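Chain letters run A, B, ... following the sequence lines, proteins first, then strands; residues in each count from 1. Computed over heavy atoms, backbone and side chain alike; hydrogens, waters and symmetry mates excluded. All figures in this text were calculated on a predicted structure; none of them were measured in a lab.
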Amino acid sequence: MVVIILTIVLGLVMISMAVTALTAQRVRAAVLASGIVSLIASIIYLLLAAPDVAMTEAAIGSGLTTIIFFYVLNKIRRSDV
Amino acid sequence: MEIRMLIGSIVTLIGAIFIFLGALGIVRMPDLYNRLQSGTKASTLGTILSIAGIGIINPAWAGKAFIIISFVMMTNPVSSHTLARGAHHLGIPLSKKTVIDKLKEAEANEKKEEQ
Amino acid sequence: MYKNMFIIVLLAGLGILLGSFLLTHHANKALPELPAYYADKTASEVGAANVVTAVIVTYRGFDTLGEVTILFVAASLIAMFLKTSKAPKDRHPRPSSVILSTAQKLLFPLIVLFGVYVFTNGHLTPGGGFQGGAVIATGFLLLLMANPQAEFKHGLLNFIESISGTSYVIIGILGAILGLGFLDNRFMSLGELGTLFSAGAIPVIYSLIGLKVGAELSNILHHLNEVQNEA
Amino acid sequence: MVEIILYIAGGLILLGMLTALWRFVEGPSSADRIMAFDAMTVTSIALIALIAFFNNRIIYLDVALVYGLLSFTGVIVIARFLEKGL
């Protein structure tokens, strides 16, 4: 029961963050929102008893992807970044 | 046995309360630098206490819990320091009640010495 | 108008389909045939305590070879595209603070050590080559943060990458010659289940993958760092 | 008794994450959003430790270890991006 409630709350947060990432005005906010989607996805993977996938999501989705996005944003430096 | 588990769970509860208060500070504080203060200090202490409580409940996990605690203690202050410095350089205003700004003075001094 | 109606009808149909599926769905506790085989036979056949690792490295080893190849192609393409652009060399990024450079000196060995732990213990704990490689690359990223004009030894990184990639394929062929098939891990002794030196060639393969992925990602980060312009 | 206390702790931690999320949505500047992201990551370490306790699996703590060691590099990169030091 507790697991179901936790999963529903985290899933709602995840969906709202995904919508934020799609509709955000600035690119930085969108990238950060997708980072939060990754963070919560890794917690949900852990709740579903898949620690290997959770670790991959933590190391690559939440860490390296956000970092590489910001490197590229620094390279372009448009006005709406 | 029972006493040890009770102590561990109470330590975890205190940590959770610290985390919640830190999150409340993130919402309530007036400007970015105060928010960073509560968001980093209280969250770090809360996480440390929570994991220490888990380690007390389960003594076989104490080693790994200690490693996590030391990592969090080493990494989290560095990131918040860098963020505060970057925000100051970006020119995010301080709250009106702030009376002293040492970083601004130091940067002004450096500029004067260069000239 | 018709388009919106179409979308609403489509969504309603999808909702009814999924809802009927959810209402009539009963969780099946028994494992299907293939996962049951993996869960029963992994410990005796492959000798790895972590079933996921056994599936990734041994049962579906060819798939992992393909993933490594994809990463290699991506790294090569990034290097090719970023090398051709003549980036201004005299950029002046803001120097980092004393706290950050001190923390980098303290934390860089720890992060690399943790990455090595992740990929050498891949057959016992969650984790493995890709995760360990990403952790090591994050350590190199910290080095670049503390000193944006740091220079890696490209030759050394390329050497590590190519040597580990080649040895990975050689170990796979050794498995085909000495064992039962390509990437078979049983030509080395299986050892005792749950210890570090067990599961045949799995720790060796995962270490090679970890070194290769770490070197590739570090190379990508360094190339990205080189072409940053001054804002 | 112990489990009830830990359930309350988990609820408080989840509430803390949601409160930090409010600052992420509201945040006037990017630095506020990054700070909320950092606070959520650190909070999730405690949540992962609680999940590991309730499932009684020590190997789940490895994921918390990855977050503890790696979450700060993302924040450092974004901070250096803000101060134009990348």
Where [X] and [Y] come nearest, the two heavy atoms and their spacing:
X       : Y       : result
D:Leu12 : B:Ala16 : CB-CB, 4.0 Å
B:Ala23 : D:Ala20 : CB-N, 4.3 Å
B:Ile68 : D:Ala64 : CD1-CB, 3.9 Å
D:Gly16 : B:Phe20 : N-CD1, 4.1 Å
D:Arg23 : B:Val27 : NH2-O, 2.9 Å

Let me know if [X] has heavy atoms under 4.5 Å from chain B in its side chain, its backbone, both or neither.
X       : answer
D:Met35 : both
D:Asp32 : both
D:Ala52 : both

From [atom1] ([X]) to [atom2] ([Y]), nearest 0.5 Å:
X       : Y       : atom1 : atom2 : answer
D:Phe53 : B:Ile57 : CZ    : CD1   : 4.5 Å
D:Leu70 : B:Phe71 : CG    : CZ    : 9.5 Å
D:Ile13 : B:Ser50 : CD1   : OG    : 4.5 Å
D:Ile34 : B:Thr82 : CD1   : OG1   : 11.5 Å
D:Ile76 : B:His81 : CD1   : NE2   : 9.0 Å
B:Trp61 : D:Ile58 : CH2   : CD1   : 6.5 Å

*asked:* At a 4.5 Å cut-off on heavy atoms, which part of B:Ala84 comes close to chain D: side chain, backbone, both, or neither?
replied: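 B:Ala84 has no heavy atom closer than 4.5 Å to chain D.
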*For B:Leu83, is it the side chain, the backbone, both, or neither that has a heavy atom closer than 4.5 Å to a heavy atom of chain D?*
both
*Check each of D:Ile45, D:Thr41, D:Leu47 against B:Thr47 using the side-chain contact (heavy atoms from CB on, under 4.5 Å) test, and report the only one that passes.*
D:Ile45
*asked:* Assess the residue pair B:Asn76 and D:Asp38 against the criterion (side chain to side chain contact (heavy atoms under 4.5 Å, CB included)); give the C-alpha distance rounded to whole Å, side-chain angles, the decisive distance to 0.1 Å, and a yes or no.
replied: CA-CA 9 Å; B:Asn76 222 12; D:Asp38 190 28; 3.7 Å; yes
Name the option with the most non-hydrogen atom pairs under 4.5 Å to chain D; the candidates are [options].
options                            : value
B:Leu32, B:Ile19, B:Leu90          : B:Leu32
B:Ile67, B:Val72, B:Ile14, B:Leu36 : B:Leu36
B:Thr12, B:Leu21, B:Ile48, B:Leu24 : B:Thr12

*Contact leader toward chain B among D:Leu82, D:Val2, D:Leu18, D:Val75, where contacts are heavy-atom pairs under 4.5 Å*: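 That would be D:Val2.
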When you compare the side chain of [Y] with that of [X], does any pair of heavy atoms fall below 4.5 Å?
X       : Y       : result
D:Asp62 : B:Lys64 : yes
D:Leu6  : B:Leu13 : no
B:Met5  : D:Glu3  : no

Might you confirm whether atom [atom1] of [X] has over 12 heavy atoms from other residues, nucleotides or ligands at distances under 6.0 Å?
X        : atom1 : answer
B:Phe18  : CZ    : no
B:Glu105 : CD    : yes
B:Arg28  : CZ    : no

*Give a yes or no answer on whether the side chain of B:Thr75 reaches the backbone of D:Gly68 with a donor-acceptor pair at less than 3.5 Å.*
yes
